[in-house]
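Everything quoted here is computed from the prediction, not taken from an experiment.
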Amino acid sequence: MTEDLFANQERKGYRPLADRVRPQHIDEFHGQEHLLAQGKPLRSMLEAGRFHSVIFWGPPGVGKTTLALLVSRYLNAHFISLSAVLSGVKEIRQAIDEARHQKQAGRDTILFIDEVHRFNKSQQDAFLPHVEDGTVIFIGATTENPSFELNGALLSRARVFVLNSLSSEKLQEILKQALQQDEEISAFRNSFNDDTLKKLADFSDGDARRALNLLQLACELISAQQTEGKETVLDDEFLSALLTGSSRRFDKGGDLFYEQISALHKAVRGSSPDASLYWFARMIDGGCDPLYLARRVLRMASEDIGNADPRALSICLDAWNTYERLGSPEGELAIAQAIVYLACAPKSNAVYMASKQAFSFVRENQSFGVPMHLRNAPTQLLKDMDYGEDYRYAHDDESGFIAGENYMPEEASDFQCYFPVERGLEVKIKEKLLYYRKLNEQSKWKRFK
């Protein structure tokens, strides 16, 4: 009877469904066709039996551990698994000793380290020599960008393979296969139609482990209700009770976090209000602090809009202030309003580029002195030293501009860094600056003449 299946698990030794249905052959593996299809790099390495140290980089539940196990199976290698969260240098040394014994017996060892980005530099250094001399074939799994989290020395000795999130269709295939093949849940396969499996897959957001855990939990709930003599219907009420919590992957401070804020910034810069709101919603839905987004949006106003529309800064500050007064979720609308305004506003990074160039110029050159006519002379001594001599007060001229006046150090009189663009208010700014430069040139010509 189905009601006895889960009661018997304790006697058998409990194993999660995701572990029980783990693929035993490449052809059973779902997804990652860019690595495992015929002729693709990872499959070719496995079928040729020539395998070197690798790093599997990808989100949770896409098959990193499964692939490591498949590698050991194809190579007939001894498999040692360590978790960087739970292991230290001591465990690494024990694993290396075990690998040496296997080597003496003529067998290779796969050293698989899950969450390898959690190892610090000294821990990574501890197994590096043994990767180099062939004592172990290293396979690391990480959800974080290896470029930032792993030592350069380790990266140079391992090839990085990127694994992608699984589509809803792939997850549905995995769930159907589990219902067909697993002894403990196959009795429930008629309870799940395509629509139900799609809802489980969609909620799992690309994570096969999560999808299989949900399927297993659903089967356990059905079994429990059958034991109580109740009829189970997998309707919306049942699924809403099962699918609780957030369905979205969003790692605050991790790769997904920075990838999504980057996407939001680029969508605003690219004048796409729809994409901008999508990424804003994704981050809020994933648990991002709206005040963090308000700060980033303010930066966008300065960096990408600039003087093409100076109102952008004020609108973003108002949105920040509105959120602080209203809180969530009402205040998020003000941030969304600011984002749409930025996306639709004329764009200019002229001030941003000018600022970078000015700082670069200052760093690369000596500290030139302030010209005498620009120095303040609050005392008679300084006046006697010609501080402020020949300075011409701009407001004394009816146009408010003194043609020919120089405000740069003599050694850098030709320095120019601000080049307004032909968009928004900067069109007018550019016209004015060109007019002033023309007056300056005329003034120089008159003096020369």
Side-chain angles (χ1 to χ4, degrees), residues 291 294-322 324-325 338 341-342 345-449:
L291 285 175
R295 291 193 295 272
R296 289 302 297 253
V297 168
L298 187 62
R299 164 65 187 262
M300 294 173 202
S302 180
E303 179 179 337
D304 291 298
I305 314 302
N307 285 335
D309 188 346
R311 295 169 297 182
L313 271 176
S314 298
I315 287 171
C316 292
L317 281 169
D318 286 343
W320 188 340
N321 186 42
T322 300
E324 288 187 325
R325 288 173 181 269
Y341 186 90
L342 295 186
K347 304 298 188 293
S348 172
N349 69 343
V351 173
Y352 172 68
M353 298 303 294
S355 176
K356 286 178 63 176
Q357 191 173 342
F359 277 101
S360 177
F361 184 83
V362 167
R363 284 192 297 266
E364 294 169 4
N365 290 275
Q366 66 185 79
S367 300
F368 303 124
V370 178
M372 295 299 287
H373 70 286
L374 297 181
R375 299 186 187 190
N376 194 26
T379 68
Q380 187 59 47
L381 173 63
L382 296 177
K383 289 177 183 177
D384 293 343
M385 295 174 66
D386 294 334
Y387 277 44
E389 185 74 15
D390 297 328
Y391 170 65
R392 292 178 290 172
Y393 189 53
H395 294 291
D396 288 342
D397 189 274
E398 61 180 18
S399 69
F401 177 74
I402 303 294
E405 186 70 292
N406 178 43
Y407 299 98
M408 285 291 292
E410 181 100 22
E411 301 89 338
S413 58
D414 293 331
F415 176 71
Q416 187 178 343
C417 62
Y418 180 44
F419 300 93
V421 300
E422 294 283 351
R423 292 186 291 276
L425 184 61
E426 282 202 324
V427 172
K428 296 294 184 184
I429 295 174
K430 184 174 184 178
E431 289 175 359
K432 179 175 281 189
L433 291 181
L434 288 174
Y435 173 68
Y436 285 160
R437 285 166 191 159
K438 182 179 179 181
L439 291 179
N440 282 332
E441 289 298 322
Q442 290 174 351
S443 175
K444 289 179 184 179
W445 182 80
K446 286 177 182 177
R447 288 203 303 271
F448 177 77
K449 187 176 178 182

Rounded to the nearest 0.5 Å, how far does NZ of Lys428 lie from CG of Asn307?
-> 15.5 Å
Between the main-chain N or O of Phe361 and the side-chain N or O of Asn365, is there a donor-acceptor pair closer than 3.5 Å?
-> yes
Stepwise side-chain contact (heavy atoms from CB on, under 4.5 Å) test for Tyr418 and Val351 | CA-CA 6 Å; Tyr418 180 44; Val351 173; 3.8 Å; yes
Met372 and Met385: which non-hydrogen atoms are nearest, and at how many Å?
-> CE-O, 3.0 Å
Euclidean distance, Glu303 CD relative to Lys347 NZ, rounded to 0.5 Å | 12.5 Å
Would you call Lys430 and Glu426 a salt bridge, taking side-chain N to carboxylate O under 4.0 Å as the test?
-> no
Do other residues, nucleotides or ligands put more than 12 heavy atoms under 6.0 Å from Glu410 CD?
-> no
Distance (rounded to the nearest 0.5 Å) between Leu434 CG and Leu439 CG = 11.0 Å
Okay, side chain of Arg423, backbone of Ser348: is any donor-acceptor separation there less than 3.5 Å?
-> no
If only atom types and distance count, is the side chain of Ser360 paired as donor or acceptor with the main-chain N or O of Lys356 below 3.5 Å?
-> no
Roughly how far, to the nearest 0.5 Å, is CG of Leu298 from OG of Ser314?
-> 9.5 Å
In this structure, CG of Leu342 is separated from SG of Cys316 (nearest 0.5 Å) by 4.0 Å
Check Cys417 against Ala354 and note the closest heavy-atom contact, atom names and distance.
-> O-CB, 3.2 Å
Report, as yes or no, whether the 6.0 Å neighbourhood of atom CZ on Arg311 holds more than 12 heavy atoms from other residues, nucleotides or ligands.
-> no
What heavy-atom pair brings Ala312 and Tyr341 nearest, and what distance separates the two atoms?
-> CA-CE2, 4.1 Å
Verify the neighbour count for atom CZ of Phe368: are there more than 12 heavy atoms of other residues, nucleotides or ligands below 6.0 Å?
-> yes
Considering all heavy atoms of both residues, which atom of Pro371 and which atom of Pro409 are nearest to each other, and what is their separation?
-> CG-CA, 3.9 Å
From OH (Tyr387) to NE2 (His373), nearest 0.5 Å = 14.0 Å
Do other residues, nucleotides or ligands put more than 12 heavy atoms under 6.0 Å from Tyr435 OH?
-> no
Verify side-chain contact (heavy atoms from CB on, under 4.5 Å) between Asp309 and Leu425, making sure each step is shown before the conclusion.
-> CA-CA 6 Å; Asp309 188 346; Leu425 184 61; over 6 Å; no
